[in-house]
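Contents: one structure, followed by commentary.
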Protein chains: 2
Amino acid sequence: MPTPSRTSLEQIVAAGRALVTTGGVDALTMQAVAQRVGVRAPSLYKRVRDRSDLVRLVVEDALRELGATLDAAADTGDPATDLRALATEFRTFAHAQPNLFGLLFVSAADRSAPDSDLLARASSPVLRTAERLAGPDDALPAARTITAWAVGFVQMELAGAFQLGGDVQEAFDYGIGRLAVALASGPRR
Amino acid sequence: MPTPSRTSLEQIVAAGRALVTTGGVDALTMQAVAQRVGVRAPSLYKRVRDRSDLVRLVVEDALRELGATLDAAADTGDPATDLRALATEFRTFAHAQPNLFGLLFVSAADRSAPDSDLLARASSPVLRTAERLAGPDDALPAARTITAWAVGFVQMELAGAFQLGGDVQEAFDYGIGRLAVALASGPRR
DNA sequence: ACCTGAACACCGTTCAAGT
DNA sequence: ACCTGAACACCGTTCAAGT
């Protein structure tokens, strides 16, 4: 006798994401997710392979949103302006959802990597800006330099690893300015 | 009736670090640590407040080693050469102990931040090199730009987040070269 | 077809009892 | 003073049984 579904994968991912946002990834327990979607924990295994699979889906959901945010941020004319907009938007996203951001670019033995298409989509506005700054030949390494700097900066900031005093905002602006100059200084190296 | 100690904090931290190195932070369980030092799990609580405290001690142990490694790497004359040596040594450390490295610069809600003195000591060779590249006024933001880039680059690399093909080593060299030029281009901005 | 309770093997942590 | 077994409250996950 068929029974109608009482929940959906979409609801489950949303519940998982809400739990991560509120209490960090440790708060995403199967029981907490189940309670939020009105079901018992074992039922989740009908839609999700295991907990790490659910965490991956939450990460991919966040990556989709981050990609859309960055896409919207880099549509002005000047590439140096776009670089600043991208970096600022990226940092704003991280500050708004630190627990979620902390999952996006770190390796975790237990969970598989997010879909590479999503990573590519999220990084495409950076790649376009990098190409306009550094030229087509250096677009990829230039984009990686920008992304690495932004990821590391925000991650250290959120981890409280900038402990030598000074103005963190100033260091952020300094980094943007220097990167724009450095990448635009021509294809020879 | 006093009983002689059957283990020590030093042994416990070493056991914890070995477990992290081998199987990631999830493999550091109180029971596994206890077994390695020849004791039962509850006894660990005589030396360590709780699991997160032990993880912090392992992180600090790794930071001490990383600091010493970097200190030894940056003693040549040319600051651009030192920058390259520091970045390469940093990356080598991360590749040699990816599970340990993954703990150093990420925030974790459950564990407290490592001792700030250790962070300062580990970053001091970077700060010195940054000062020689960018001048005393910009030493701190320049050091933060270098460190952010290096942390982000290695973390993305280890997370498998560089998925657009291309040569990752080339992107690393490109980043070093551009940073050296950018930071040395003078104090005005 | 989906959901559930019961069960299993694991955790971290506390604490009274042993030496 | 240190160590232990037993206990507690939690996990993730499986599975036979219900509808």
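Please read all numbers here as calculations on a predicted model, not as lab measurements. Here is how names work: the chains are called A, B, and so on, in the same order as the sequence lines, proteins then strands, and each is numbered from 1.
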To check you understand the geometry: which heavy-atom pair defines the closest contact between [X] and [Y], and what is its length?
| X | Y | answer |
| --- | --- | --- |
| B:Ala27 | B:Ala32 | O-CB, 4.0 Å |
| B:Val154 | B:Phe101 | CG1-CE2, 3.7 Å |
| A:Arg178 | B:Ala182 | NH1-O, 2.8 Å |

- Query: What distance do A:Arg17 atom CZ and A:Leu19 atom CG have between them, rounded to the nearest 0.5 Å?
  - Reply: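 Separation between the atoms: 12.5 Å.
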Would you call [X] and [Y] a side-chain contact if the rule is heavy atoms closer than 4.5 Å?
| X | Y | value |
| --- | --- | --- |
| A:Gln11 | A:Arg47 | no |
| B:Arg128 | B:Asp82 | no |
| B:Leu127 | B:Leu140 | yes |
| A:Ile12 | A:Leu57 | no |

Once you round it to whole Å, what is the distance between [atom2] of [N] and [atom1] of [X]?
| X | N | atom1 | atom2 | answer |
| --- | --- | --- | --- | --- |
| A:Arg111 | D:dG12 | CZ | P | 15 Å |
| A:Met30 | D:dG12 | CE | P | 7 Å |
| B:Gln35 | D:dC3 | CD | C1' | 17 Å |
| B:Asp110 | C:dT13 | CG | C1' | 15 Å |
| B:Leu9 | D:dC2 | CG | P | 12 Å |
| B:Leu44 | C:dC15 | CG | P | 17 Å |
| B:Asp26 | C:dC10 | CG | P | 16 Å |
| A:Lys46 | D:dG12 | NZ | P | 19 Å |

- Fit a plane to each ring of A:Phe90 and A:Phe105, take the angle between them on a 0 to 90° scale, and name the class: parallel (under 30°), tilted (30 to 60°) or perpendicular (over 60°). tilted
- Item | Cation over ring face, B:Arg144 and A:Tyr174, 6.0 Å, 45° |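 Geometry flag: not set, cation outside 6.0 Å or 45°.
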- Can you list the stems that DNA chain D is part of, where a stem is at least 3 pairs in a row, each Watson-Crick or G-U, with both distances below 3.5 Å? C:4-8 with D:12-16, C:12-16 with D:4-8
Below 3.5 Å is the cut-off: list the nitrogen or oxygen pairs between protein and nucleotides 5-7 of chain D, distance only.
{"unit_1": "D:dG5", "atom_1": "OP2", "unit_2": "B:Arg40", "atom_2": "NE", "d": "3.1"}

Do any side-chain nitrogens or oxygens of [X] fall under 4.0 Å of OP1 or OP2 in [N]?
| X | N | result |
| --- | --- | --- |
| A:Gln31 | D:dC11 | yes |
| B:Arg51 | C:dG12 | yes |
| A:Arg47 | C:dC3 | yes |
| B:Arg6 | C:dT19 | no |
| A:Ser43 | C:dC2 | no |

Look at the side chain of [X] and decide which nucleotide, out of [options], has an atom nearest to it.
| X | options | result |
| --- | --- | --- |
| A:Asp50 | C:dT13, D:dT13, C:dT4 | D:dT13 |
| B:Tyr45 | C:dT13, D:dG12, C:dC11 | C:dT13 |
| B:Thr3 | D:dT13, C:dT19, C:dC3 | C:dT19 |

- For A:Thr7, report the nucleic acid contact type (base, sugar-phosphate, nothing); a contact means any heavy atom under 4.0 Å. sugar-phosphate
